[in-house]
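Only one structure is covered here, and it is reproduced in the block below.
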Amino acid sequence: MQPIDPTGPAAQSPADLPSDVLVVEDDVLIAMDTVETITGFGVASVRTARNVAEALQMIAARAPAFVLL
């Protein structure tokens, strides 16, 4: 396990980032802010689900590389 340098970049290369992130959040403003932050890191695809049922459907259609609850 590599230690994280808080002064360094979020990822050393685009290959270090997940290709697809699923954010599960029922509050619209929090979801929008989270998506903006994640895309700011350089993640190409960020999807949002408002509840567990919606998230499970999205996962069944295309499994994400990372999920944030």
Taking ILVMFWY side chains as joined if any heavy atoms are under 4.5 angstrom apart, and letting links pass through other members, which residues group with L56? V52

How long is the span from the OG1 atom in T48 to the CD atom in E54, to the nearest 0.5 Å? 7.0 Å

Pairs meeting criterion salt bridge (Lys or Arg N to Asp or Glu O under 4.0 Å) with involvement of residues 35-48, two or more places apart: D20-R47

I need the minimum non-hydrogen distance between P18 and A65, along with the two atoms involved. CB-CB, 3.9 Å

Would a hydrophobic clustering, with Ile, Leu, Val, Met, Phe, Trp and Tyr connected at side-chain separations under 4.5 Å, put V35 with V24? no

Approximate separation, where rounding is to 0.5 Å, of E25 CD and T34 OG1: 6.5 Å

Count I, L, V, M, F, W, Y as connected when their side-chain heavy atoms are under 4.5 Å apart, and connections chain through other members. Are V67 and V46 then in the same cluster? no

State the OG-CG distance between S45 and L22, to the nearest 0.5 angstrom. 9.5 Å

Contact check, side chains of V23 and I38, non-hydrogen atoms, under 4.5 Å: yes

